[in-house]
Amino acid sequence: MTSAPVATRDLSIPSPGDITRPALAGEKETMVLNMGPHHPSTHGVLRLVVELDGETVVNVAPDVGFLHTGIEKSMESKTYQKSLVMTDRTDYLAPLSNNLCYVLAVEKLLNCEIPPRATAARVLLVELQRISSHLVWLGTHALDLAAMSVFLYGFREREQILDIFELVSGARMMTSYFRVGGLAYDLPAEFPATVQAFLDIIDGRIDEYEDLLTHNPLWLERTKGIGILDAEAAVAFGVTGPGLRAAGISWDLRKDMPYCDYDSYDFAVPIAQNGDTYDRYLVRMAEMRQSARICRQALQRLHDLGPGPYVTTDRKIAPPPKSEITHSMESLIHHFKLWTEGFKPPRGDAFVAIESPRGELATYIVSDGSPKPYRVHMRTPSFVNLQALPYMARGYLVADLVALTASMDPVLGEVDR
Amino acid sequence: MENASVAERLRAALPHAVIASHEHRGDLSIVVQPEALIDVARFLRDEPELRYNFLENLCGVDYLGRDPRFEVVYHLLSFSNHHRICLKVGLPEADPTVDSLTGLWPTANWQEREAYDLFGIIFRGHPSLERILMPDDWEGHPLRKDVPLGYEEVAFTFNQEQIDAHKPYAQE
């Protein structure tokens with residue numbers, strides 16, 4: 001399918017007021033349908049004001065902010081260590097990715113070294129996180145299009161990943177496991193075997209999901225050619241992640257601007273050409289397989305590295321282990337200073353971007369030299385990606401709107417912050 | 001792409017636009033004149049060797065007590081050169097107005113609305129500069145440093161009416 005050049009297409013992003021205003025004389029009478037904020041297929045508290053001509057979407061205005069909790073403001077009044085727990089609560093389907101982005105930014109401010117064991121563990125866990133996040137997307141996307149069994153199977157595997165997170169951090173969802181300087185605790189002894197058991201089954205399970213959907217005529221009917229987002233418009237709207245790659249642009253920060261030693265892992269960046277809902281589905285499915293591939297290499301790397309420090313030995317940044325505190329006065333002072341006052345990064349700002357499951361997640365931190373961040377801004381992929389929704393939805397049916405919204409995989413906690 | 005050469009090229013092309021440029025932890029930031037922002041952004045986007053084709057991030061910062069008080073921070077990304085550049089414009093407290101980048105990148109739309117909502121920065125030429133995260137009837141701009149963190153009283157059935165009486169909408 002060929003599309004018109006950007007200049008002749010409607011790139012405007014309407015607000016609800018543009019749609020709910022009464023029709024002017026001579027304008028065609030249309031119907032306004034309010035979808036959400038409590039509608040199951042908006043995947044959270046997203047309100048869509050849809051202008052309809054019959055069953056065809058004339059225009060749609062996303063209305064966000066229902067979940068705004070002032071996370072950026074709250075972080076300004078907490079120390080750097082305490083702000084970390086706020087990041088879990090933005091993208092609640094990928095808390096470890098948020099943790100990673102935040103700690104990388106603080107580490108950049110501090111200019112501190114991370115032990116290789118911690119870096120390998122971080123890579124392993126965020127890739128597991130990517131699989132688990134994509135499984136929720138897959139399950140809910142399929143559920144929206146009435147394919148219920150995929151949801152049940154997908155959540156079965158996700159549960160296994162959450163068990164791994166619980167094993168390492170004690171929490172299934174709000175992990176806060178990555179800390180400035182490394183990890184919160186060392187990986188437990190049963191960690192490699194548990195991850196290996198999961199990695200042994202996941203490829204076969206992805207095959208099962210694909211058996212259910214990839215060549216399913218109903219699935220193809222509902223997703224092929226629906227919600228096309230071409231490359232030019234994707235870049236214009238700032239869309240990143242699977243939405244951008246499905247439009248044919250091979251842009252993945254893990255490959256193109258590597259962090260956490262991603263350049264030393266062997267993996268491919270799946271892309272597709274049409275930019276429709278089906279292609280976004282294919283890209284995410286292929287991404288899960290690539291993530292599993294990275295996980296295997298990271299697990300091997302952890303094995304090769306053997307036991308070692310899991311957090312920086314700089315006591316001005318990470319607290320000393322409990323065993324040291326009981327017999328070293330200096331350690332006790334470090335412990336006390338860190339948990340009462342915190343560390344003070346030098347003045348300056350830092351910007352770090354990582355590839356989260358939904359696209360480019362970035363953190364911008366300004367330090368004024370005090371133990372609390374002066375300003376934290378999170379550039380969240382869901383918020384930016386959602387702007388492309390009106391462009392993608394115009395001209396399709398209401399039922400397609402459900403499909404293409406799900407294929408953008410917005411997480412409203414991250415949109416509203 | 002080297003940080004120094006990008007700054008050099010920008011200075012050569014638009015000598016009056018650049019106020020300062022510095023590097024921190026390997027990242028290049030350039031402070032530009034607010035009036036020249038559009039020209040700088042267009043030059044960086046369209047210059048064949050630079051091609052910063054992607055507006056990655058846009059946010060406001062409030063440096064209360066400093067002049068200019070507000071700063072808008074833009075991060076541009078070049079897909080072809082794998083390079084990132086940060087632009088900063090300082091805006092005075094009396095008139096925090098800057099040109100909108102929505103004409104160059106539609107993605108600036110919501111990000112500028114967010115900066116307007118949270119900091120009160122006015123983006124000249126924005127198609128619909130409305131609040132996006134806060135409720136429409138909210139007073140003030142919450143991420144400004146002179147706005148206290150504040151707490152919202154939790155409403156139960158027994159105190160709902162007392163809380164409602166203090167709300168802005170009660171006066172209407």
Side-chain angles (χ1 to χ4, degrees), chain A residues 6 11-18 62-68 70 72-74 76-77 108-111 233 235-240 244 249-251 253 256-257 346-353 360 362-364 366 368 374-379 383-388 391 415-417, chain B residues 22-27 29 53-64 66 71 73 75 77-86 88 102-111 113-115 117-119 127-136 138 142-145 147-150 152:
Chain A
V6 165
L11 289 178
S12 67
I13 305 166
S15 32
D18 301 335
D63 185 14
V64 301
F66 294 94
L67 213 55
H68 179 61
E72 290 175 5
K73 179 84 175 174
S74 307
E76 290 173 8
S77 61
K108 192 168 175 181
L109 275 176
L110 290 161
N111 211 7
V235 171
F237 283 118
V239 174
T240 46
L244 181 66
I249 297 187
S250 173
W251 181 260
L253 288 169
D256 294 300
M257 295 177 98
R347 294 171 80 94
D349 54 2
F351 183 83
V352 166
E360 180 179 325
T363 306
Y364 176 69
V366 180
D368 60 348
Y374 186 77
R375 165 92 170 104
V376 184
H377 175 72
M378 277 172 278
R379 184 261 191 222
F383 179 72
V384 181
N385 291 355
L386 211 50
Q387 296 182 87
Y391 175 80
V415 172
D416 298 339
R417 302 185 295 283
Chain B
H22 51 264
E23 239 186 280
H24 182 67
R25 304 264 187 266
D27 290 350
S29 320
N53 59 331
F54 194 79
L55 176 66
E56 195 177 13
N57 177 49
L58 188 164
C59 69
V61 186
D62 177 9
Y63 292 100
L64 183 65
R66 199 182 84 172
E71 194 172 81
V73 183
H75 286 92
L77 197 58
S78 166
F79 280 8
S80 44
N81 295 329
H82 300 234
H83 194 259
R84 178 178 291 130
I85 185 173
C86 170
K88 294 176 178 175
T102 44
L104 295 177
W105 288 284
T107 178
N109 191 319
W110 278 19
Q111 304 194 53
R113 278 176 68 186
E114 186 191 329
D117 190 358
L118 303 179
F119 290 95
S128 56
L129 198 61
E130 300 167 24
R131 287 192 183 274
I132 186 163
L133 295 179
M134 304 302 288
D136 290 335
W138 191 267
L143 251 74
R144 287 190 174 188
K145 287 283 176 183
V147 175
L149 192 57
E152 194 75 6

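On a predicted model such as this, the values are computed, not experimentally measured, just so you know. Proteins come first, then strands; the chains are lettered A, B, ... in the order of their sequence lines, and each starts at number 1.
Contacts of Asp117(B) with chain A are absent, with no heavy-atom separation under 4.5 Å from either backbone or side chain. For Leu104(B), no part sits under 4.5 Å from any heavy atom of chain A, backbone or side chain. Using a 4.5 Å cut-off between heavy atoms, Asp27(B) touches chain A through its side chain atoms alone. Using a 4.5 Å cut-off between heavy atoms, Val147(B) contacts chain A through both its backbone and its side chain. Of the two parts of Ile249(A), only the side chain, counted from C-beta on, holds a non-hydrogen atom closer than 4.5 Å to a non-hydrogen atom of chain B. Neither the backbone nor the side chain of Arg131(B) has a heavy atom closer than 4.5 Å to any heavy atom of chain A. The part of Pro142(B) that comes within reach of chain A is its backbone (N, CA, C, O), which places non-hydrogen atoms under 4.5 angstrom from that chain. For Phe351(A), the parts lying under 4.5 angstrom from a heavy atom of chain B are both the backbone and the side chain. Heavy atoms closer than 4.5 Å to chain A are found in both the backbone and the side chain of Glu56(B). Residue contact with chain A, scored on non-hydrogen atoms closer than 4.5 Å, involves the side chain of His75(B) exclusively. Using a 4.5 Å cut-off between heavy atoms, Glu130(B) touches chain A through its side chain atoms alone.
No other option in Asp368(A), Thr240(A), Leu109(A) has as many heavy-atom pairs under 4.5 Å with chain B as Leu109(A). Interface summary for chain B: among Gln387(A), His68(A), Lys108(A), the most heavy-atom pairs under 4.5 angstrom belong to Gln387(A).
For Arg25(B), the CZ atom counts as densely surrounded, since its 6.0 Å shell holds more than 12 non-hydrogen atoms of other residues, nucleotides or ligands.
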